[in-house]
Novice: 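Dropping a structure here in structure tokens format, bear with me for questions.
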Amino acid sequence: MEIIHAVHVFVKSLLFLLLWSNCEGRESEHNHVTCGSLVKLLNTRHNVRLHSHDVKYGSGSGQQSVTGVENADDANSYWQIRGKPNRPCQRGAAIKCGQAIRITHMKTGRNLHTHHFSSPLSNNQEVSAFGENGEGDDLDVWTVQCEGIHWERDEDVRFKHVGTDVFLSITGEQYGHPIRSQREVHGMSTPNQHNWWRSMEGVFLQPSQVPLRHDEL
């Protein structure tokens with residue numbers, strides 16, 4: 001009887017450990033930024049969120065402007081994380097460090113983009129939103145620069161542009177009318193304190209394709 005009891009205790013302990021490790025694994029999965037998710041991206045140095053709107057630059061490329069805003073509730077600050085052109089990532093799959101992605105503005109369907117135009121305020125490299133219905137060109141592709149294996153939600157990361165090697169940055173310059181107090185977003189050639197970003201509010205998709213809500217949307 002003692003042997004049978006010991007076996008039962010062992011089996012129960014083993015089952016508990018298996019269930020615990022499975023739950024831990026699922027919890028870990030839920031800490032990742034995933035393909036298809038809608039997120040707001042905070043520049044942690046200047047405490048503003050990446051933003052766009054149907055307002056064109058008055059100089060440079062004349063494309064849709066991209067800015068930083070302090071208002072955390074602005075719906076124009078949502079962006080969708082997507083795969084490269086013609087190479088979609090699996091919906092709900094965790095984004096890997098070093099992975100090439102597109103960052104698509106939810107409201108206008110244009111992709112985060114940069115090219116060899118000077119930005120209007122700081123004379124760094126202009127960052128715009130480009131394309132139609134989520135399709136632009138090969139200058140819409142960025143890599144996620146982070147520690148470890150996957151992009152963690154509470155982790156500060158950088159976005160490096162594949163085509164021109166600049167980092168998505170904000171250094172604090174502010175626009176006047178018609179986008180008063182919004183900050184200039186631009187590309188910088190070196191990694192520094194101005195190009196750290198963190199995922200904030202959003203809907204994070206899981207491999208089950210059931211959206212996991214985070215704070216608001």
Side-chain angles (χ1 to χ4, degrees), residues 25-26 28-43 49-52 61 63-66 76-117 125-169 185-189 191 195-212 214 217:
R26 292 186 176 204
S28 177
E29 284 178 4
H30 290 174
N31 290 329
H32 299 146
V33 177
T34 56
C35 176
S37 296
L38 287 173
V39 299
K40 290 184 178 181
L41 297 168
L42 177 76
N43 182 283
R49 285 161 173 77
L50 188 69
H51 180 90
S52 192
S61 69
Q63 293 175 4
Q64 181 172 303
S65 58
V66 173
N76 275 318
S77 299
Y78 280 111
W79 301 80
Q80 186 175 34
I81 307 302
R82 304 169 63 221
K84 294 169 60 177
N86 303 316
R87 294 189 63 184
C89 50
Q90 182 181 352
R91 182 181 172 90
I95 300 296
K96 295 179 180 179
C97 295
Q99 184 172 338
I101 61 170
R102 285 177 293 175
I103 303 172
T104 303
H105 189 238
M106 183 185 75
K107 280 291 187 71
T108 63
R110 296 190 172 102
N111 298 318
L112 191 68
H113 179 97
T114 191
H115 38 217
H116 293 297
F117 287 94
Q125 186 164 301
E126 181 191 277
V127 170
S128 65
F130 175 74
E132 295 294 337
N133 299 316
E135 298 305 322
D137 62 22
D138 57 359
L139 292 178
D140 300 341
V141 181
W142 304 75
T143 57
V144 182
Q145 305 286 303
C146 54
E147 301 279 343
I149 299 173
H150 294 103
W151 177 6
E152 304 285 344
R153 287 193 214 162
D154 58 355
E155 178 183 16
D156 290 354
V157 305
R158 290 188 172 101
F159 300 105
K160 186 175 184 180
H161 190 243
V162 171
T164 64
D165 291 330
V166 297
F167 294 89
L168 185 69
S169 307
V185 174
H186 49 247
M188 301 183 75
S189 59
N195 37 57
W196 287 117
W197 300 84
R198 184 182 303 162
S199 64
M200 300 296 287
E201 306 84 2
V203 173
F204 296 84
L205 300 186
Q206 301 305 312
S208 64
Q209 300 189 6
V210 176
L212 180 68
H214 180 61
L217 179 57

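The residues of the chain are indexed from 1 along the displayed sequence. Remember, predicted model here, so these are calculated numbers, not experimental data.
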Novice: Does a donor on one side chain sit under 3.5 Å from an acceptor on the other, for H115 and E126?
Specialist: yes

Novice: Would you check if V127 and L112 make a side-chain contact, meaning some heavy-atom pair closer than 4.5 Å?
Specialist: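 Yes, at least one pair of side-chain atoms sits under 4.5 Å.
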
Novice: Could you check if a side-chain atom of I81 sits within less than 4.5 angstrom of a side-chain atom of V33, using non-hydrogen atoms only?
Specialist: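 Heavy-atom side-chain distance check passes, below 4.5 Å.
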
Novice: Any side-chain donor-acceptor pair under 3.5 Å between Q125 and T114?
Specialist: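 Distance-only check passes for Q125 and T114.
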
Novice: So which heavy atom on Q99 is nearest to which on C89, and how close?
Specialist: NE2-CB, 4.0 Å

Novice: Under a 4.5 Å cut-off applied to non-hydrogen side-chain atoms, are F204 and R153 in contact?
Specialist: yes

Novice: Atom CD of Q80 and atom CE of M106: how far apart are they, to the nearest 0.5 Å?
Specialist: 9.5 Å

Novice: Are side-chain heavy atoms of I101 and T143 found at a separation under 4.5 Å?
Specialist: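 A side-chain contact under 4.5 Å is absent here.
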
Novice: Decide side-chain contact (heavy atoms from CB on, under 4.5 Å) for N43 and L50; before the verdict, give the C-alpha distance in whole Å, the side-chain angles of both, and the deciding distance to 0.1 Å.
Specialist: CA-CA 7 Å; N43 182 283; L50 188 69; over 6 Å; no

Novice: Give, for atom CG of L139 and atom NE2 of H113, the distance between the pair rounded to the nearest 0.5 Å.
Specialist: 5.0 Å

Novice: Can you tell whether the side chains of E135 and R110 come within less than 4.0 Å, N to carboxylate O?
Specialist: no

Novice: Report the C-alpha distance between L41 and R49 in whole Å, list the side-chain angles of each, state the deciding distance to 0.1 Å, and finish with yes or no for side-chain contact (heavy atoms from CB on, under 4.5 Å).
Specialist: CA-CA 5 Å; L41 297 168; R49 285 161 173 77; over 6 Å; no

Novice: Can you check side-chain contact (heavy atoms from CB on, under 4.5 Å) on R102 and K84, steps first, answer last?
Specialist: CA-CA 6 Å; R102 285 177 293 175; K84 294 169 60 177; 5.5 Å; no

Novice: What is the distance from atom CG of N111 to atom CZ of F130, rounded to the nearest 0.5 Å?
Specialist: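 N111 atom CG to F130 atom CZ measures 9.0 Å (nearest 0.5 Å).
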
Novice: Just jot down the side-chain hydrogen bond (donor to acceptor under 3.5 Å, both in side chains) partners of N195, sequence neighbours excluded, or say none.
Specialist: R158, S169, N192

Novice: Is a side-chain N or O of S37 found less than 3.5 angstrom from the main chain of V39, in a donor-acceptor match?
Specialist: no

Novice: So do I95 and C35 actually touch side chain to side chain, heavy atoms under 4.5 Å?
Specialist: yes

Novice: Evaluate side-chain contact (heavy atoms from CB on, under 4.5 Å) for D154 paired with N31, printing each intermediate quantity in order.
Specialist: CA-CA 8 Å; D154 58 355; N31 290 329; 6.0 Å; no

Novice: Establish, yes or no, whether the cationic atom of K107 lies under 6.0 Å from the six-membered ring centre of Y78 and within 45° of the ring axis.
Specialist: no

Novice: Measuring from S199:OG to W151:CH2, what's the distance to the nearest 0.5 Å?
Specialist: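 Between atom OG of S199 and atom CH2 of W151 there are 6.0 Å.
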
Novice: Compare all side-chain heavy atoms of V157 with those of W196 and state whether any distance is below 4.5 angstrom.
Specialist: no

Novice: Look up atom CD in E155 and atom SG in C146, then write down how far apart they are to the nearest 0.5 Å.
Specialist: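 Taking CD in E155 and SG in C146, the distance rounds to 5.0 Å.
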
Novice: Is any side-chain heavy atom of V141 closer than 4.5 Å to a side-chain heavy atom of P85?
Specialist: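 Yes, close enough: below the 4.5 Å cut-off.
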
Novice: Taking atom types as modelled, find out whether Q64 and T108 have a side-chain donor-acceptor pair closer than 3.5 angstrom.
Specialist: yes

Novice: Identify the heavy atoms of V66 and S52 that sit nearest to each other, and give their distance.
Specialist: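 For V66 and S52, the tightest heavy-atom pair comes out as CG2-OG, 4.1 Å.
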
Novice: Which class fits the ring pair F159 and W197: parallel under 30°, tilted 30 to 60°, perpendicular over 60°?
Specialist: tilted

Novice: Does R198 pair with D156 as a salt bridge, N-O distance under 4.0 Å?
Specialist: yes

Novice: At what distance, to the nearest 0.5 angstrom, does OG of S77 lie from NE2 of H105?
Specialist: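 Answer for the OG-NE2 pair, S77 versus H105, is 6.5 Å.
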
Novice: Looking at side-chain heavy atoms only, is the closest gap between H51 and N76 below 4.5 Å?
Specialist: yes

